[in-house]
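Below is one structure; the comments refer to it alone.
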Protein chains: 2
Amino acid sequence: MSEDVKQAPDASRVPEAGGEGPRRVPLTPGARRVLEAAGRLFYERGIHAVGVDLIAAEAGVTKKTLYDRFGSKDQIVVEYLADRDERWRAFLAARLERARAPKSRVLAVFDASRDWAERSLPRGCSMINAHAEITDPAHPAYAVITGQKAWMLALFTDLARPLAPRRAKQLGRSLMLLHEGGLVAYGMGIFPDAIDHARQDAQALLKSAAGPSA
Amino acid sequence: MSEDVKQAPDASRVPEAGGEGPRRVPLTPGARRVLEAAGRLFYERGIHAVGVDLIAAEAGVTKKTLYDRFGSKDQIVVEYLADRDERWRAFLAARLERARAPKSRVLAVFDASRDWAERSLPRGCSMINAHAEITDPAHPAYAVITGQKAWMLALFTDLARPLAPRRAKQLGRSLMLLHEGGLVAYGMGIFPDAIDHARQDAQALLKSAAGPSA
DNA sequence: GAGTGAGTATACAGATCGGTCTACTATGGG
DNA sequence: CCCATAGTAGACCGATCTGTATACTCACTC
C-alpha cells in the first residue's frame, strides 16, 4: 500500500494547500471561533480529553451554534486536522518558494518544521497525536491524517529526485524517517533541538548521496 | 533538560528490566487478567477510549476486583505501560546478548523492534501513543513514558561509544531519530517495512561514522 | 416589512464515565 | 475453628459525555 498514494505534489511548483479535502463547513464568525478554540484545546490536551461544552465555552459560543455549524464533534475533529494541514502546507510552501538549490529545498522543510513547532507548545505533530487517538480507519478524520503523511512522503521524494534521480524513492523515505523522528523526539522532549539534529543528519545524508560538489 | 536523564545503562552488560519503576500492584490471577485485557484494549483502541467496565468484562472480572487490585484507572494505565516497558526491555536484552560486534548490537535493536512490532497490530509504539493522550506531566504514567525514551537514548549512546568514542552522544541521537522515525512510519503505515528501512539507514550511518573496516 | 441566517440562553435527554457499596462464596493457613 | 484473601454478583452514585429542544434576539436583504 501507499505506493503512489494521492497525487504527488509537483516539486517545481508550490505545493497547493489540500483543496480536495473533506472541508465542508462554512466558517461563520462563530464557527471560526469554535475552530480556533477546538484547535488549541485538542492540541494541548488531546482530542478525547476535550468535550464540546468546553469548546463552546472557550469559543464564547453556545452549544447550539456549535452543532448548527459542525453537526458533530467528529466533524470538528476533521475540520481541526484539515485546517492545521492546510495552514502547514501554506507555511511550508512559502518557505520552499525562497529556496532554490535542491539541497536547500530539502533542508527548508526541516527548518520550516522547527519554526512551525516553536510557535506553539512542544507537543509534537498533531497528526501523529491524532493518530494515537483515532484508531478506526473508517473515522472521517483518518484520511486527513494519513493523507498528510503520504503527501509529505511524496514531497520528500520529489525534492530528492534532482539529487538522486535513480534513488529518489529510497532517499525520500530516509528523509521522511529523519523528519518524523525529529518531530517525535521534539514532541516528547527526548533531547533538545531534535528537529535541528534531524536537519543535520539530513544534510549529511544529502552529502553522501549526491556527492559534496552538488 | 534531559542531559543525562536517569542512569545510563551499562552497555557491556544486559540492560536490566526497569525494576525501580512505579510497579506496586501484586499480580493476583484476577489482576493479571485485568492487566492483559487492559493492555490489549489500550493498545488497540487508545487509553481514553476504553472504559473500566469494558476492561473488567474482557478480563472476566467484576469491577470490585478491578478496583480492589488497582485502585484507579490511572493506576491500570501505569501498570500497562510499566509492564510493556519491562517486557520490551527483556525482549531487547535477549537480542543484545546474542550480538557481539558493536555494529551488530546497534542493528540488533532495530531487528528487535521490527520483530516486536510484527507480533501485534501495526499500531506503532505504545509509549508514543500514550504520550499523545496523557498530556499532564504530573500524571503518574508520564514518568514511565519519558523514562523509556530516555533509557533508549542512553542505550543507543552506549552502543555508539565503541564505534565513535568522541561522537557517541551525537551518533546515539542520530540512531534514536532513525529508530523513532521507523516506529512512527510503521505505526502510521506511511510506507512498508519502515523499521527495516530505518535499520538500513542506521547501517549506512555506522559505516560512514566508524569507517567501513570496523 | 417579512423573511432568513446567525446567534444567545437554557433546559433536557440518554448514555457512559470512573468509582463505591453491600452481600455473599470459596479457599487455604495458623 | 477462625480469619484473612481473592473473588462473584449487582445495585448504585454523581459527574460528564454527545447531542437535541424550545424560545428569543439581532442584522441584513429583498
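Chain letters run A, B, ... following the sequence lines, proteins first and then strands; every chain starts at 1.
- Residues A/Lys149 and A/Cys125 come closest through the heavy atom pair NZ-SG, 3.3 Å.
- At distances below 3.5 Å, at least one donor-acceptor pair connects side-chain atoms of A/Lys73 with backbone N or O atoms of A/Val50.
- Take A/Ser126 and apply the side chain to side chain donor-acceptor pair (under 3.5 Å) test, not counting sequence neighbours, and it matches A/Arg84.
- For B/Asp193, the side-chain contact (heavy atoms from CB on, under 4.5 Å) partners two or more places apart in sequence, or in a different chain, are B/Asp196.
- Contact detail for A/Leu177 and B/Ala185: the closest heavy-atom pair is CD2-CB, 3.9 Å.
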Footprint string (nucleotides 14-30 of chain D, 5' to 3'): B base within contact, S backbone only, - free, heavy atoms under 4.0 Å: ----BBBBBB-------
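- Closest non-hydrogen pair, A/Leu92 versus A/Val109, comes out as CD1-CA, 3.9 Å.
- Under 4.0 angstrom from either OP1 or OP2 of D/dG7 there lies no side-chain N or O belonging to B/Arg33.
- Looking at B/Arg123, its side chain does come within 3.5 Å of a backbone N or O of A/Ala132 through a donor-acceptor pair.
- Inter-axis angle, ends of the helix from C/dG1-D/dC30 to C/dG30-D/dC1, five pairs per end, rounded to 10 degrees: 0°.
- You can see that DNA chain C meets the heavy atoms of chain A within a 4.0 Å-exclusive cut from C/dA6 to C/dA9, reading 5' to 3'.
- Identified under the ring pair (Phe, Tyr, Trp, His ring centres under 6.0 Å) test for residues 27-54 of chain B, with sequence neighbours left out: B/Phe42-B/Tyr80.
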